[in-house]
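One structure below.
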Amino acid sequence: MTSTFSGKLLVITAPSGAGKTTIVKHLIKTYPELAFSVSATNRPARPKEKEGIDYYFMSTEEFKQKISSDAFLEWEEVYDGQFYGTLRSEVERLWQLEKHIIFDIDVRGATNIKKVYGPSCLTVFIKPPSFQELVRRLRGRQTETSASFRKRITRIKKELSYETTFDKILVNDLLDVALKEAELITEEFIFERDEEE
Ligand code: ADP
Ligand code: 5GP
């Protein structure tokens, strides 16, 4: 059954380590009207990640089969051999629940979702205070092997140059300030609330 509710799409994008996950988790906790779009990936789960909550984890074969059957709204090979994608069924699932959707996806995926949904979609680029600080945070998170860390650093340089193509830029320097700013952006876009209200 196709949902008759079609909510808004808040797309949070940034280079790895900029703070997307931290900001997205805060917004989900703050606004029950928002739900997280769980992406599919063939990368292995990190120790604290859960199936169906953080990602739908699958084999490369299964991911490729889903590409062939046009199951993805968008997908990218974000790192060499590492695939990530938004399932069409995920957007439908969340709209059935009458939720607005929040995404944590890479810069190209964000651009593709904006192309499909236009003004119902807001793209927000999370900008680290500096390249050096981004590297420090990614290292501090302790989730990557040295090979994966190198892949991410190479890609970060490219991703940082994309910032001008998004609707909003949110600088994540002091976390509390960034979370407040993220709340303002969300309230203005999702609930069409003015800053003074
Ligand atoms: P992403 O999802 O963009 O890869 P994360 O949200 O995982 O980034 O953040 C990367 C690391 O930086 C995490 O360890 C997180 O706790 C930390 N972090 C996030 N925002 C800030 C901030 N404003 N100041 C310092 N550390 C931060
Ligand atoms: P991580 O492995 O750190 O969870 O994610 C790596 C990168 O893949 C991040 O930039 C994240 O935003 C991106 N990503 C996660 N899910 C998707 C998705 O469904 N589509 C696209 N295009 N990128 C995604």
Side-chain angles (χ1 to χ4, degrees), residues 9-29 36-58 63 66-67 71-91 93-94 101-116 121 123-145 147-160 162-163 166 170-182:
L9 305 100
L10 181 60
V11 177
I12 309 293
T13 189
S16 189
K20 285 183 301 288
T21 310
T22 307
I23 291 171
V24 166
K25 287 198 166 152
H26 171 77
L27 292 175
I28 291 166
K29 218 168 57 193
F36 180 59
S37 167
V38 180
S39 296
T41 185
N42 69 335
R43 84 145 161 75
R46 293 174 187 149
K48 285 187 188 154
E49 287 178 331
K50 293 200 176 68
E51 166 65 24
I53 305 270
D54 297 286
Y55 281 106
Y56 299 114
F57 295 100
M58 57 185 67
F63 198 102
K66 288 194 188 296
I67 295 174
F72 289 112
L73 176 60
E74 63 76 36
W75 63 272
E76 294 291 333
E77 187 174 356
V78 176
Y79 307 108
D80 225 9
Q82 243 170 260
F83 295 85
Y84 298 82
T86 307
L87 291 161
R88 294 180 192 282
S89 57
E90 181 65 4
V91 172
R93 178 179 80 83
L94 298 175
I101 308 179
I102 186 163
F103 297 79
D104 169 344
I105 61 179
D106 90 309
V107 290
R108 275 188 301 192
T111 309
N112 288 334
I113 292 198
K114 179 77 184 183
K115 270 193 210 137
V116 176
C121 170
T123 51
V124 182
F125 184 86
I126 310 296
K127 189 178 161 144
S130 65
F131 176 71
Q132 287 74 14
E133 172 61 13
L134 183 59
V135 173
R136 204 183 62 74
R137 285 182 195 171
L138 194 54
R139 194 169 279 134
R141 196 172 69 186
Q142 297 186 326
T143 51
E144 310 307 316
T145 61
S148 164
F149 187 76
R150 275 197 301 277
K151 275 191 202 174
R152 282 171 192 251
I153 295 297
T154 308
R155 195 181 161 91
I156 280 169
K157 293 183 181 159
K158 200 163 85 198
E159 286 180 325
L160 282 172
Y162 276 79
E163 69 173 70
F166 300 106
L170 199 170
V171 177
N172 181 17
D173 187 356
L174 292 177
L175 185 59
D176 286 353
V177 176
L179 295 180
K180 265 280 161 263
E181 176 70 19

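The figures that follow rest on heavy atoms only: side chains count, while hydrogens, waters and symmetry mates do not. Atoms within a ligand are numbered from 1 in the order they appear, just like the ligands themselves. Note that this is a predicted model, so its numbers are computed, not measured. If you read the sequence from its start, that first residue is 1, and numbering goes on from there.
- Residue Arg136 has no N or O atom closer than 3.5 Å to an N or O atom of ligand 1.
- Residue Trp75 places no heavy atom under 4.0 Å from ligand 2.
- When side chains are defined from C-beta on, Lys180 does not count as touching Val177, because their heavy atoms never get closer than 4.5 Å.
- In this structure, the protein non-hydrogen atom closest to atom 11 (C) of ligand 2 is Asp104 OD1, 3.7 Å.
- Checked against a 3.5 angstrom limit, the closest N/O atoms of Gly85 and ligand 2 fall inside it.
- Not a single heavy atom of Gln82 sits closer than 4.0 Å to an atom of ligand 2.
- Among the atoms of Asp106, some N or O lies under 3.5 angstrom from an N or O of ligand 2.
- Of the inter-residue distances, the one linking Ser39 atom OG with Phe103 atom CZ reads 8.0 Å to the nearest 0.5 angstrom.
- At the shortest separation from atom 20 (N) of ligand 2 among protein heavy atoms lies Glu74 OE2, 2.7 Å.
- Taking the side chain as every heavy atom from C-beta outward, Leu170 and Phe125 never approach each other to under 4.5 Å.
- Contact annotation for Ile23 and ligand 1: no heavy atom of the residue comes within less than 4.0 Å of the ligand.
- With respect to Asp106 and Arg155, a salt bridge is recorded, a charged nitrogen being found less than 4.0 Å from a carboxylate O.
- Considering backbone and side-chain atoms alike, Lys20 places an N or O below 3.5 Å from some N or O of ligand 1.
- At distances below 3.5 Å, not a single donor-acceptor pair connects side-chain atoms of Arg137 with backbone N or O atoms of Gly17.
- Ring planes of Tyr84 and Tyr55: tilted class, angle from 30 to 60°.
- At a heavy-atom distance under 4.0 Å, no atom of Arg155 approaches ligand 2.
- Backbone and side-chain nitrogen or oxygen atoms of Glu49 are examined, and none is located within less than 3.5 angstrom of a nitrogen or oxygen of ligand 2.
- Taking the charged nitrogens against the carboxylate oxygens, Glu144 and Arg46 do have a contact shorter than 4.0 Å, which makes a salt bridge.
- For the atom pair CG (Asp54) and NZ (Lys48), the distance works out to 11.5 Å, reported to the nearest 0.5 Å.
- Which parts of ligand 2 touch Glu76 is read off a 4.0 Å heavy-atom cut-off, strictly below it: atoms 22 (N).
- In terms of protein heavy-atom proximity, atom 20 (N) of ligand 1 is closest to Asn172 ND2, 3.0 Å.
- Contacts of Arg152 with ligand 2, taken as heavy-atom pairs under 4.0 Å, involve the side chain alone.
- The backbone N or O of Ala14 lies less than 3.5 Å from a partner atom in the side chain of Lys20, making a donor-acceptor pair.
- For Ser16, the heavy-atom gap to ligand 1 drops under 4.0 angstrom.
- By the 3.5 Å distance cut-off applied to N or O atoms, Leu174 is not counted among the residues near ligand 1.
- A distance-only check finds a donor-acceptor pair linking the side chain of Asn42 to the backbone of Gly81 [under 3.5 Å].
- Not a single heavy atom of Ala14 sits under 4.0 Å from any atom of ligand 1.
- If you number the atoms of ligand 1 from 1 as listed, the ones under 4.0 Å from a heavy atom of Asp173 come out as 22 (C), 23 (N), 24 (N).
- Proximity of Phe131 to Leu160: side-chain heavy atoms (C-beta onward) are separated by under 4.5 Å at one or more points.
- One distance of note links CG of Leu138 with CD1 of Ile156; it measures 5.5 Å at 0.5 Å rounding.
- Residue contacts with ligand 2 include Tyr79, since one or more of its heavy atoms lies under 4.0 Å from the ligand.
- Scanning the protein for heavy atoms near atom 2 (O) of ligand 1, the closest one is Thr21 OG1, 2.4 Å.
- Distances from ligand 2 to the non-hydrogen atoms of Arg108 include no value under 4.0 Å.
- Of all protein heavy atoms, the one lying nearest to atom 8 (O) of ligand 1 is Gly19 N, 3.1 Å.
- Looking only at side-chain heavy atoms (C-beta outward), Val38 and Ile53 stay at 4.5 Å or farther from each other.
- Among all protein heavy atoms, the one lying closest to atom 6 (O) of ligand 1 is Thr22 OG1, 2.6 Å.
- Atom 10 (O) of ligand 2 has as its closest protein heavy atom Lys20 NZ, 3.5 Å.
- Remark: Ile153 CD1 to Leu134 CG distance equals 6.5 Å, nearest 0.5 Å.
- Checked by distance only, ligand 2 and Arg43 come closer than 3.5 Å through their nitrogen or oxygen atoms.
- Looking at Lys127, its side chain never comes within 3.5 Å of a backbone N or O of Asn172 through a donor-acceptor pair.
- Looking at Ala178 against ligand 1, nothing comes within 4.0 Å, counting heavy atoms.
- Taking the charged nitrogens against the carboxylate oxygens, Glu77 and Arg108 have no contact shorter than 4.0 Å, which rules out a salt bridge.
- For the residue pair Arg141 and Thr143, a side-chain donor N or O sits within less than 3.5 Å of a side-chain acceptor on the partner.
- With respect to atom 10 (C) of ligand 1, the closest heavy atom belonging to the protein is Gly17 O, 3.5 Å.
- Residue Thr143 places no heavy atom under 4.0 Å from ligand 1.
- The nearest protein atom to atom 7 (O) of ligand 1, hydrogens excluded, is given as Arg141 NH1, 2.8 Å; this is a heavy-atom distance.
- For Ser39, a nitrogen or oxygen atom sits less than 3.5 Å from a nitrogen or oxygen atom of ligand 2, counting backbone and side chain alike.
- Those atoms of ligand 1 that come under 4.0 Å of a heavy atom in Pro15, given as number and element, are 3 (O).
- Taken to the nearest 0.5 Å, the OH atom of Tyr56 stands 10.5 Å off from the NZ atom of Lys66.
- Among all protein heavy atoms, the one lying closest to atom 7 (C) of ligand 2 is Val78 CG1, 4.0 Å.
- Distance check: Ile105 CD1 to Glu76 CD gives 8.5 Å after rounding to the nearest 0.5 Å.
- Between the Glu74 side chain and the Ile113 main chain, no donor and acceptor come within less than 3.5 Å of each other.
- In terms of protein heavy-atom proximity, atom 25 (C) of ligand 1 is nearest to Arg137 NE, 3.5 Å.
- Of the N or O atoms in Asp104, none lie within a sub-3.5 Å distance of an N or O in ligand 1.
- Proximity annotation for atom 15 (C) of ligand 2: of Tyr56, Phe72, Tyr55, Tyr55 comes nearest, heavy atoms only.
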